[in-house]
Amino acid sequence: MFLSAKGLKKSYQSGTLTEVLRGVDMELEMGQVGVILGPSGSGKSTLMNIIGGVDRADSGCVHVAEAVLTELDDAQLAEYRRADVGFIFQFYNLVPNLTVGENVEVVANISKNPLPIEEVLAAVGLKEKKHRFPRELSGGEQQRVSIARAIVKNPRILLCDEPTGALDYETARDVLSLIQRVNAQYGTTILMITHNSAIAGMAHVVYKLRSGEIVETVHNAKTLPAERIEW
Amino acid sequence: MALYRRILFDTAKLPDLCAGNRTYHQPRLFSWRLCRKNVQEDLYFSISGGEVNLEQAEVQANAVIEAYPSVDVSLSDTATLRLLGQTEKVNIPAIIEGRELKSPGEILLDPAFAKSNGYLLGSTIDMGGQSFSVVGYTALPQYIYPLQGVNDLLAVPASFGISVISHEDFRYFAGVEQNYSVRFRDRAASPNEQAMRLRDYLQDEELPVSDWIAASNNKRISLVETSVTSYQAMSLPLSLSMILLSCLIVGIMTWRMIKREGVVIGTLYAFGYRRRELVRHYMAIPMLLALVGGISGALLGVPCVKPSVDVMVQSYLIPVPQIIFNFTDIIVSIIMPVVALGISSYFVVNSVLKHPAAELMKGNQDSGKVSRLDKLFKLERLRFNTKFKLREQFRVCLASYSWFWV
C-alpha cells in the first residue's frame with residue numbers, strides 16, 4: 001500500500017480541547033486518485049497536513065511509500081516534503097513578486113530531479129505566460145501555475161486542498177481535468193480534499209469524513225473523466 | 001545616522017600614533033604630539049626675588065629647566081596680550097601657520113586671538129613703543145587652553161591671547177616676570193617626587209617661590225583631556241544607541257515583512273524548504289541594508305571627519321596636522337552595522353519562522369487570545385460607537401506591546 005493511515009488522532013487546545021481527528025484509518029494505492037469528502041470543520045485539512053508532513057498526529061501511524069511519517073523528526077519531514085510531496089492550495093499561495101516561470105522554479109530549485117520547467121508549463125497550458133506575474137492571471141490560470149509548481153518536482157504524491165474551491169464551474173472543470181491528466185501522464189498519486197461531492201466521481205477511492213472520523217470509504221470501479229463531472 | 005556617526009567618530013587617525021584611537025581622541029592625540037614634540041613642561045614656577053642657578057637646579061632635579069620672561073600688555077580697553085619669551089628646550093612654540101621668529105621685532109600670535117582681533121600674517125602690532133610684525137601663528141604646549149589666569153574657567157580669545165617674542169624685545173616693557181619651565185628627565189619616576197626634590201633645592205637656596213603649578217593641576221594643559229573625556233562619554237553611548245535604534249527599526253521592518261509573507265513562507269516550508277534556507281533568504285534584506293548603509297555612511301562620514309575635528313579643537317591651541325584614515329577602522333565601521341543588524345535580524349527572522357508551516361499557511365499567526373485590557377473593562381453600558389472605539393484602542397495597545405517585545 002502506498003499510503004496508509006491507522007488510528008490517526010489529532011486535537012488542538014484553544015481554550016477547550018477540540019478533537020479534530022478521532023482515529024482515522026485510510027489506504028490508497030500508488031497512482032490512484034483519492035478524494036476526501038467532508039463538510040467544513042470535519043478535519044480534512046488537518047488530515048492532509050499530516051499526510052503532507054506539515055503537521056503531526058498526536059497518535060496513530062502514517063505510512064507514505066517507505067516513510068513512516070509519525071516517526072520522522074523535523075529535518076526528515078522536511079526531506080520527505082522536499083522529495084515526495086506536491087501541494088495545490090485553494091487560494092494558490094503563489095509568490096506574488098515572482099513570474100509564472102519563477103514560481104515554478106522556486107520548487108524546481110530545491111528538487112533533486114525536477115521536470116523541465118518548459119515541459120511542465122506546456123503541460124498546464126501556460127508556456128506563453130511564463131513571464132507574467134500572478135496578479136496578471138485569472139484565478140484558473142493561477143491555479144494552473146500552482147499545479148505546475150506542484151508537479152515540477154515530480155512528486156510521488158500530490159495533495160490538493162480544495163483546488164477548485166475558488167474557481168467558477170468551467171474553470172474548476174479545466175483544473176480537475178488537468179489534475180487527472182497529471183495523474184495519467186506522470187503516474188502521480190493524488191489525494192484531494194473537497195466538500196464538493198460531485199468531484200468524487202473522478203476518484204478511485206472516496207473517503208467520507210465527518211467530525212474527524214471516516215464514516216465511509218467508497219471504491220469506484222470506474223472513474224469519470226473530469227469533463228463529465230457536473231454540479 | 002548611526003553609521004554616519006560611527007564613521008564620523010571612528011575613522012580619523014594620525015599616522016604616527018598608536019592604533020585604536022578614535023576621532024574624539026584627536027584633540028588628545030594632537031595635544032600628545034604637541035607635548036612630546038614640543039616638550040611640554042611638567043611644572044612651572046616663578047620666584048619673587050633672586051635668580052635660579054639653572055645648571056645646579058637641573059642637576060639637583062634631574063630635569064631640563066628653562067627660564068623665560070613674560071608680561072601682559074593691554075592692546076585696548078578689552079584686549080590683553082601675554083608676551084612670552086621664545087624658548088628652545090621646554091615649551092617650544094609650534095608653528096601653525098607662517099614661520100618661526102628670526103629677528104627682534106617679530107611676533108608669533110595665538111591664532112584665535114589674532115582672528116578675533118583682526119591680526120593677519122604680515123600685519124603689525126604696536127606696543128611698548130615698538131612695532132612688532134606678525135610672522136606666524138603659534139601653539140604652545142603650556143597654553144593648550146589659553147586661560148589668562150590658572151583659576152579662570154573660560155578662555156576668551158577676543159580679550160586674551162598669547163604671543164611669543166624674542167628675549168631681547170622684552171627690554172621695551174616694564175613689569176616683566178621671570179618664569180621657569182621644568183621638564184623632568186626621568187619619565188618613569190613619579191613627577192611629584194621629582195618636583196619635591198626641586199622644591200627642596202629651591203628652599204635650601206632660600207629662593208622664595210611665588211607660583212608653583214604642576215601640569216596636572218594646570219587647566220591650560222589638563223582641560224583638553226577633560227574635554228576629550230566628555231566627548232568620549234557622550235559619543236560612545238550616542239553611537240551605540242543609534243545603532244540599537246537602527247537594529248530596532250530594521251527588526252520591526254523585517255518582522256512586518258515576514259509576517260505579511262507568512263502564507264508564502266508556509267507554502268515554501270510545505271514544498272520542502274528548510275528553515276535555514278528561509279532564514280538565509282530573509283536575512284538578505286537587512287544584511288544588504290546594513291552593508292549599503294555602512295558603505296554609504298563611510299563615504300558620507302569620511303569628508304566630515306576633518307571639519308568635526310576642527311570643531312573639537314577650535315577652543316584649544318593645538319596644531320592640526322593632516323588626518324590620515326585608518327583602513328582597518330573604515331572596514332570595522334562597515335562591518336559593525338552588518339554584524340549588529342545581522343544578529344538582531346536573525347532573532348527577528350527566527351521568531352517568525354519558528355512557527356509551523358500549517359500555522360503560517362493559514363495566514364494568521366494571531367493566537368486569537370483576548371487581551372487583559374479587553375477583559376478588564378466592562379463596556380456593556382456604553383454606546384456601541386464608544387465601545388467600538390475603546391476596543392480598537394485596546395487592540396492597538398496590545399499590538400504595540402507585542403511589537404516592543406518581538
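Only a predicted model underlies this, so the values are computations on that prediction, with no experimental measurement involved. Excluded from the calculations below are hydrogen atoms, water molecules and symmetry mates; all remaining heavy atoms, backbone and side chain alike, are included.
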In terms of heavy-atom proximity below 4.5 Å to chain B, should [X] be classed as side chain, backbone, both, or neither?
X: A/Asn109; result: side chain
X: A/Phe89; result: side chain
X: A/Arg56; result: neither
X: A/Asn49; result: side chain
X: A/Pro155; result: neither
X: A/Leu77; result: neither

(request) Before accepting this row, confirm whether a basic side-chain N of the pair A/Glu66/A/Arg156 lies closer than 4.0 Å to the acidic partner's carboxylate O. (result) yes
(request) State whether B/Glu380 and B/Lys387 are salt-bridged, where the test is any N-O pair (Lys NZ or Arg NE/NH1/NH2 against Asp/Glu carboxylate O) under 4.0 Å. (result) no
Quick one: are [X] and [Y] in side-chain contact, heavy atoms under 4.5 Å?
X: A/Gln142; Y: A/Arg135; result: no
X: A/Val54; Y: A/Arg81; result: yes
X: A/Leu115; Y: A/Tyr186; result: yes

(request) Identify which of B/Pro356, B/Gly272, B/Ala357 forms the greatest number of heavy-atom pairs closer than 4.5 Å to chain A. (result) B/Gly272
(message) Just so I understand: if I count every heavy-atom pair under 4.5 Å between each of B/Val264, B/Leu268, B/Thr267 and chain A, which residue has the most?
(response) B/Thr267
(request) Sort B/Glu261 into side chain, backbone, both or neither according to what part of it lies under 4.5 angstrom from a heavy atom of chain A. (result) neither
(message) If we ignore hydrogens and angles and just use 3.5 Å, is the side chain of A/Lys153 paired with the main-chain N or O of B/Phe271 as donor and acceptor?
(response) yes
(request) Would you mind telling me which of A/Asp25, A/Val35, A/Ile193, A/Leu28 makes a side-chain contact (heavy atoms from CB on, under 4.5 Å) with A/Tyr207? (result) A/Leu28
